[in-house]
Amino acid sequence: MSKFYFSGNEAIAHGLIHGGVRFITGYPGTPSSEIIPAVQSLIKQFSLKAFADWSINEKVAYEIAYGACLANIKSAVTMKQVGLNVAMDPFMNSAYVGTVAGFVVISVDDPGPHSSQTEQDSRFMAMAAKIPVLDPSTVEEAYEFAQKAIELSEKFSIPVMLRSTTRISHGRAIVDIKDFESSNTIQPHFKSSKDWSKQLSRFAATPKQRLELHRLLNEKIEKIAAQNKPKLFFNGEILVLSSGAVFAYIYELIEEYGLQDKITLCKLDIPYPLSKEKFNFIEKFNRIISVEETYPVIELQLDTEGRRNGLVPKQGEITPEVCEEILEKLGLIKNRKTLQIPPLKRPSLCPGCAHRAALFSVKKIFGKKAIYAGDIGCYTLALNFEATDTVLNMGASVSFGFAFSKAFELGNKKQDVISIIGDSTFFHSGIPPLIDAVHYRVPFLLLILDNQTVAMTGNQKTLSTPHDFLGQPLKTVSIEDIVKSLGVNFIKVVDPYDFQNSLNTLKEAKEFLKKNNEPAVIVFRHLCINTKQGLQNNPKIPVKIEKELCKGCMICIKEFECPAIVFDDEEKKANIDKTLCISCGFCINVCPTKAITLI
Amino acid sequence: MKLVILGKGGQGVIFFSRIIAQAASKKAVSVRSTEIKGMAKKGGTVEIQMKIGEGLSGLVRRGTADMVILLSEDLIDYAKTFGSNIFMFTKEEIEKALSSVPMRYVNTFLLGIFVKKTKIFDCDDVSKILDEENKKSFLMGCNYVQFSPGNSSERGN
Ligand code: SF4
Ligand code: SF4
């Protein structure tokens, strides 16, 4: 045993590898993105025979990892909660078909939400799919439950979900980690299995056979529910049922307020599936309440109080403060202090980010009247300077480009429509709607902001990365080749730092769209300056603001919004914050009075 | 003990907190923390909550922190929602750090000041965790406090 101060995601990675998992795929998404890199370090450290890397999207990641489990290799797939939506098809189906070797689906939720489109509950999805789900309450449990999940999957031949949340995955604690005994034997088999003919009706089942598979799935779920035991703490007449991080907060509050004789706390390591018979002991309590994040999973299964009667807030993270409020509502504590929390400054793109440069040029040519359909990535923050009107989910910018353009065409109205998508989001789900747009001859401008990395989630690799984490060569995939091959006739690649060329290309695209009924595509390519390589290769053009020339118009702040340009309210002039400025020099193009100049 | 460490992306807040956690792990059986980084990479708020030797979660309820270590002055109102005992570095300390060591080691210099002033951890314990360059800058921070008495920045509000 050794002790490590691990994050929940590192703990999960160790748990998976210790549980024998050797095939892991995923798509980056906060707060799940650190699991695969942590697995990769273990692979390197112990020279393991294993595959662990990113896939093009969650559906593909799911299918690849699940396929590997059918070939008898213990496997896992990682994603964030909204990524699970993308993988829903194989997720639902794999429950019916079941597994050969163990298979764990790691879905990390973001109650709050802190950095997501929704605060949906992956446990709810597991319940919909009839897939058992483990919900760790601490970082230590994240390590332990990753191993338990693989055991449970092997025992019942069923995919098992490990649901984590931001507070677990991005929490840290000292964890006892078992010494690693590296076993390097991988024994794939498929057709060589003894009962191959029996398996065939699972792997390629007809609808009739699916009915039988559903029956088998129900049987498995009932068995797991029958074995699913609650853990009870303290001894009061009110029963609080919980799972995940929330359990820890309530436990702490009971101790702090001395409520041990008022509340019995019931912890569910596996919040789905539960059997009502197993839980008939709950009837003896005065009140039975489920406090869980973020949807009523335990509550619906055991028909308790909670969200549905308003005791637990229907939205938002269940923080320790919220748990305290619930205890107050129950009359168990009094005089709780409530605090006004001042808002934090809104986030913005990094100083020197090329996305800002690209979108500044786009606004110059297309103006405020154009519709800007945005997407999921750092560039979502362009809504701060009015270069993004919509953000729905991965890839929707391209579908919206189609939709808005067609809608205005049907109404006989002229409307400029611009879709904005990043390189990895384009690969993830921007290609299919572009194919539709080409096929149906829908004119709009698609901007692909290519910074050669998945920047928002911590700079993971993309399909343009020429080697994997071990330095092995990979075939790079060219965005412009794909776009051309779809039949797009206007495709240009520009460096957004080249202001003049950007403006000219955008003008050309505008002309093209006037004359042609088909989409135009511009790839704005510049490395993310938040990477070591990107920062090193960036031009160094130090700038200053000439006080006499600055009229205080704030265009550089409102229309461009580089965090390194700050406004001095007393002087009524802009200033460069040297601690933030990376000397990219682009703002020289921004000031209408030429106050921003070279040093 | 409940700590909250607040600052901005790029200030080395996470590094700062990891060293504190490692030093704490030498003294207590449990160290737990939670990290919230905003969507902005550079200049976004970074919030670390930490419990040393207590609790099951790393979260610190508002109003209950024993100390809030504030690395970015403009977050003061937000910091106060966690507790009234706020530790901040003075202007002189920050200038001293900036003029004494290269940018990369500024936060270990400041860490030295923090450790020496608050006496929560032992300077020796902390210096053992650090690599050579960081250790040098850390000890310079410790020494700076030692030789400039009456220079207190611990504020009660
Ligand atoms: S991480 Fe990269 S892409 Fe994201 S805002 Fe910063 S520079 Fe731009
Ligand atoms: S040079 Fe201008 S645009 Fe570039 S980082 Fe500095 S202030 Fe921002």
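Each chain gets a letter, A, B and so on, in the order its sequence line appears, and its residues count up from 1.
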**Q** With a 4.5 Å cut-off on heavy-atom pairs, point out which of A:Ala245, A:Cys323, A:Gly171, A:Ser169 contacts chain B the most.
**A**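 Greatest number of close heavy-atom pairs with chain B: A:Gly171.
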**Q** Who wins among B:Ser30, B:Ser33, B:Ser25 for the most heavy-atom pairs under 4.5 Å with chain A?
**A**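 Of B:Ser30, B:Ser33, B:Ser25, B:Ser33 has the most heavy-atom pairs under 4.5 Å with chain A.
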**Q** Report the distance from atom CD of A:Glu252 to atom OG of B:Ser57, rounding to the nearest 0.5 Å.
**A**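 That separation rounds to 3.5 Å.
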**Q** Heavy atoms only, distances under 4.5 angstrom: which of A:His170, A:Glu255, A:Arg167, A:Glu140 has the most pairs with chain B? Name it, please.
**A**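 Between A:His170, A:Glu255, A:Arg167, A:Glu140, the count favours A:Arg167.
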**Q** How long is the straight-line distance from CD of A:Gln340 back to OG1 of B:Thr81, given to the nearest 0.5 Å?
**A**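 The CD atom of A:Gln340 is 10.5 Å from OG1 of B:Thr81, to the nearest 0.5 Å.
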**Q** Side chain, backbone, both or neither: which part of B:Lys51 has a heavy atom under 4.5 Å from chain A?
**A**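 The answer is the side chain of B:Lys51.
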**Q** Heavy-atom distance under 4.5 Å to chain A: side chain of B:Ile48, backbone, both or neither?
**A**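 For B:Ile48, there is no contact with chain A at all, as no heavy atom is under 4.5 Å.
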**Q** Could you check which of B:Gln49, B:Gln22, B:Met50, B:Arg32 has the highest count of heavy-atom pairs closer than 4.5 Å to chain A?
**A**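 With the most close heavy-atom pairs to chain A, the winner is B:Arg32.
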**Q** Only counting residues at least two apart or in another chain, list the ones meeting side chain to side chain donor-acceptor pair (under 3.5 Å) with A:Lys231.
**A**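 Only A:Asp269 meet the side chain to side chain donor-acceptor pair (under 3.5 Å) criterion with A:Lys231.
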**Q** Taking A:Glu324 first and then B:Arg62, would you say they form a salt bridge - that is, a charged N and a carboxylate O separated by under 4.0 Å?
**A**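 No.
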**Q** With a 4.5 angstrom heavy-atom cut-off, could you sort out which part of B:Met103 is near chain A: side chain, backbone, both or neither?
**A**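 It is neither, since no heavy atom gets under 4.5 Å.
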**Q** What part of A:Leu344 gets within 4.5 angstrom of chain B, counting heavy atoms only: side chain, backbone, both, or neither?
**A**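 Contact with chain B involves the side chain of A:Leu344 alone.
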**Q** May I ask you to decide whether A:Glu256 forms a salt bridge with B:Arg61, counting only side-chain N to carboxylate O separations under 4.0 Å?
**A**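 Salt bridge between A:Glu256 and B:Arg61, a charged N being under 4.0 Å from a carboxylate O: yes.
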**Q** Is the number of heavy atoms from other residues, nucleotides or ligands under 6.0 Å of B:Arg104 CZ greater than 12?
**A**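 Counting neighbours around CZ of B:Arg104, 12 or fewer heavy atoms of other residues, nucleotides or ligands fall under 6.0 Å, so no.
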